[in-house]
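Input: a single structure, listed below in structure tokens.
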Amino acid sequence: MNKIKWTMRQAILALVIGCTVFAVIALTFAFEVTSREQIRRESLLNNDETLQRMETELNSYIHGLTGKMQTIYTETDMTYAMRHPSVDRRNLLEYYWKAWNLSEKRFTSDDQLLAMYIYDNEDHLISSWRKQPYNYPHDLYNSAIYINISHLRRYLRSNDNSVMLSGYHNEAADQDVIRFGLKLHTYDDRKEKFGYLICDFSSQNISEIMNKYISSRDVYAWLQPMGDAAIAQVGNKTKEESRIFSELTRSVAVAEGEIPEYGDEYGSFYLNHRSSGKYNLHILMLTPQSLMLETQNTLVRMLIVIALIMLLVTLLLGVLISRFIYRPVENLSNTIIRIKNGDTEIRAKTDGWCEELRVMGDEFNEMLDRIQKMVEEEYEAKVLMERTQYKALQAQINPHFLYNTLDTMSGIAVSQECTLVSGLCQSLSAIFRYSLDISETQSTLQQEMAHVRNYLYVMDVRNGNSVKYTYQIDSDTLQDNIPRITLQPIVENALQHGLRRTRRKDKELIIRARHESGELVITIEDNGVGMNADAMNEQLEKADMGRIEMGRSIGVLNVNARIKSVYGREYGIHFESEEGKGTRAVILLPVLKEEVEDEREVQSAIG
């Protein structure tokens, strides 16, 4: 007998199919064992959630009716007469129609109010109203039909001032009735009772609320106050449910204090119950276990279908993946995923038996090495470009003049007693010294203001002293760090394009500096001809580095670009202008203090 030989593909395929069949059989068996208890727990939990939602809506409905009943307190004349019956009891006869008035004014047809009774503290009827006078008694205490007066008497004898809920079946009207009782009392510390209000409603509204939460007519639910009979019922009752219903309603009717403890199962039914936290109401629900078993059978059928689909899919996948290259491909795939997730130091193994996969692994590793090298080079180039950008911006705005010659000219002017020429040379020399000092890219506001004053002195000598300068610099801003040559280009822009073009006599330039919300705010304002601020702000927002590097802007755009490059896009320059009235440039910078070793230096600088 020849020994059967298996190929690797056949062996892998047989193993996959065998494992799948075993897993499906084991899963089906485990499901049969555990699903019943799991479905039971989930069913009870879902029913508890259903009862909770039902209780919330019932409480809201009862609260609405109770609020309408409490409007009886607005009838102040009647309530006063009820509180003082000894003054003249005949006055209470005046309120004979009060119940009819309240039913018309406070309640709607949707409330399904059937009857209303108002009694004083001695059970004397003051007023009553009945929708069907021939089916409901004129006086609850003088009636030949059963109206569950015993529960009302127990409530009146108790110290409970909350709303009473009770119920009964009106044989004459063939209708289930829910009774609301409200004790009328004073709202002082004694809470002295002086009467009570009784309202009988149809149970239809409450039954409709309960029906909303019942998923099947085979589920039976009812509402029952403690110490009383059930007042609302929904669902269909079987003979067994009727027996359980009788037992449970009897236990709630005779209970005192708290509702008895019940088990989760009664015969072939699950029992859920919930007590209202606001009213003396208990909701009980019986769910046939057959509904849950039907769900279990449906799940089993679905599981069998899924098992058949799994077998077919497994067979297909087994044919597709049972090839010799499966394991090397899986290793390569795992390596790629790890590299994608951040582990860029690992490399694919190329010691497999497949030559094609070995070549693929080598090429993949070489590609990773090249990519990593390119990333490092790109990062270094980016850092170098940022440094070069800033230095290029700084170099554009630093004029290269020989200030030593100006010092010599100043000395000659002094010797010739030409003070104007001497002062002009000194100011120009200070401007050039400040501009040529490229060892530091940062300066202080105090140094920037000194540079601006020198520039304005030169402009006054050149153009005549026709502009008034106002400085409003807070002392705590003087040592704040700002980029060098920040203020002078903006001041120059205000003089050349704002004040120079106006013919007004009261030309003025105002420079302010203050701290606001943890930031340094500098404003340069003129009362010149104004400008198109929107167009300028649009260019400032772009901060076009290419245009600036090409030398097309060495003024305001340059300053703005340097600020954004150093501190971030949220800082920079913003213009506000109105044509014919002037322009305001607002410079926003972070607050960065320069360290000063000698405190007296700071004080003298502020002075």
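- A distance of 12.0 Å separates NZ of Lys193 from OG1 of Thr186, quoted to the nearest 0.5 Å.
- Heavy-atom contacts from other residues, nucleotides or ligands closer than 6.0 Å to CD of Glu538 number 12 or fewer.
- When all heavy atoms of Asn59 and Ser276 are compared, the closest pair comes out as OD1-OG, 3.2 Å.
- Scanning both residues, Ile511 and Ile473, for their nearest heavy atoms gives O-CD1, 3.8 Å.
- Residues Val566 and Tyr571 are not in side-chain contact: their nearest non-hydrogen atoms beyond the backbone lie 4.5 Å or more apart.
- Looking only at distances, no side-chain donor or acceptor of Asn560 sits under 3.5 Å from a matching main-chain atom of Val556.
- Distance alone, capped at 3.5 Å, places no donor-acceptor pair between the Asn47 side chain and the Asn272 backbone.
- Checking side-chain atoms of Asn527 against main-chain N and O of Glu508 turns up a donor-acceptor pair under 3.5 Å.
- The aromatic rings of Tyr73 and His185 lie perpendicular to each other, with more than 60° between the two planes, well past the 30° mark.
- The CD atom of Glu55 sits 4.5 Å away from the CZ atom of Arg274 when rounded to the nearest 0.5 Å.
- Side-chain atoms of Ile206 and Met210, non-hydrogen and from C-beta on, do get closer than 4.5 Å to each other.
- Taken to the nearest 0.5 Å, the OG1 atom of Thr477 stands 7.5 Å off from the CD1 atom of Ile522.
- In this structure, Asn205 CG and Leu65 CG are separated by 8.0 Å, a value rounded to the nearest 0.5 Å.
- If you check the side chains of Ser162 and Asp160, you find a donor sitting under 3.5 Å from an acceptor.
- Here the closest non-hydrogen pair linking Tyr567 and Ile482 is OH-CA, 4.1 Å.
- Side-chain contact between Val591 and Asp480 is present, with at least one heavy-atom pair separated by less than 4.5 Å.
- Here the side chain of Arg562 pairs a donor or acceptor atom with the backbone of Arg484 at under 3.5 angstrom.
- Side-chain contact check for Lys105 versus Thr71: every heavy-atom pair is 4.5 Å or farther apart.
- The backbone N or O of Glu42 lies less than 3.5 Å from a partner atom in the side chain of Asn46, making a donor-acceptor pair.
- Remark: the backbone N or O of Thr108 is paired with a side-chain donor or acceptor of Asp111 at under 3.5 angstrom.
- Taking a 6.0 Å sphere around CZ of Arg500, one finds it holds 12 or fewer heavy atoms contributed by other residues, nucleotides or ligands.
- Between the side chains of Thr486 and Glu448, no donor-acceptor pair of N or O atoms lies under 3.5 Å.
- The structure places CE of Met164 at 10.0 Å from CG of Leu197, a figure rounded to the nearest 0.5 Å.
- Side-chain contact between Thr583 and Glu525: absent, with no pair of heavy atoms (C-beta onward) separated by less than 4.5 Å.
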(request) Please assess Gln70 against Leu182 for the test side-chain contact (heavy atoms from CB on, under 4.5 Å), listing each intermediate value before the final yes or no. (result) CA-CA 8 Å; Gln70 288 175 338; Leu182 177 66; 3.8 Å; yes
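- Proximity of a side-chain donor or acceptor of Asp474 to a complementary backbone N or O of Asp476 within less than 3.5 Å is not detected.
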(request) Might you work through the ring pair (Phe, Tyr, Trp, His ring centres under 6.0 Å) test for His63 and Tyr61, ending with a clear yes or no? (result) CA-CA 5 Å; His63 179 75; Tyr61 172 74; over 10 Å; no
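- The structure places CD1 of Ile490 at 12.5 Å from CG of Leu495, a figure rounded to the nearest 0.5 Å.
- Although no hydrogens or angles enter the test, the distance criterion places no donor-acceptor pair under 3.5 Å between the side chain of Ser565 and the main chain of Ala561.
- The closest side-chain heavy-atom distance from Glu49 to Arg53 is below 4.5 Å.
- Of the possible polar contacts, one joining the Ser577 side chain to the Gly582 backbone as a donor-acceptor pair under 3.5 Å is found.
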(request) Using the side-chain contact (heavy atoms from CB on, under 4.5 Å) rule, take Ile485 and His451 through it: C-alpha gap first, then chi angles, then the decisive distance, then the call. (result) CA-CA 8 Å; Ile485 320 297; His451 180 64; 4.0 Å; yes
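- Within a 6.0 Å radius of CE in Met367, more than 12 heavy atoms belonging to other residues, nucleotides or ligands are found.
- Pairing each heavy atom of Val559 with each of Ile573, the nearest pair is CG1-CD1, 3.8 Å.
- More than 12 non-hydrogen atoms from other residues, nucleotides or ligands lie less than 6.0 angstrom from CZ of Arg569.
- The two residues Ser275 and His282 make their nearest non-hydrogen contact at OG-ND1, 2.7 Å.
- Between the side chains of Asn481 and Gln442, no donor N or O sits under 3.5 Å from an acceptor N or O.
- Scanning all heavy atoms of the two residues, the minimum distance from Ala221 to Ile214 falls at CB-CD1, 3.9 Å.
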(request) Test side-chain contact (heavy atoms from CB on, under 4.5 Å) on Met285 and Asp48 and set out the steps. (result) CA-CA 9 Å; Met285 183 165 66; Asp48 284 338; over 6 Å; no
(request) Take Thr74 and Arg106 through the side-chain contact (heavy atoms from CB on, under 4.5 Å) test and state the conclusion after the steps. (result) CA-CA 11 Å; Thr74 62; Arg106 306 301 183 185; 3.3 Å; yes
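- The closest side-chain heavy-atom distance from Val586 to Val521 is below 4.5 Å.
- Around atom NZ of Lys278, more than 12 heavy atoms belonging to other residues, nucleotides or ligands sit under 6.0 Å away.
- Within the 3.5 Å criterion, the main-chain N or O of Thr56 finds no donor-acceptor partner in the side chain of Ser60.
- By the 4.5 Å heavy-atom criterion applied to side chains, Ile283 and Leu58 are counted as neighbours.
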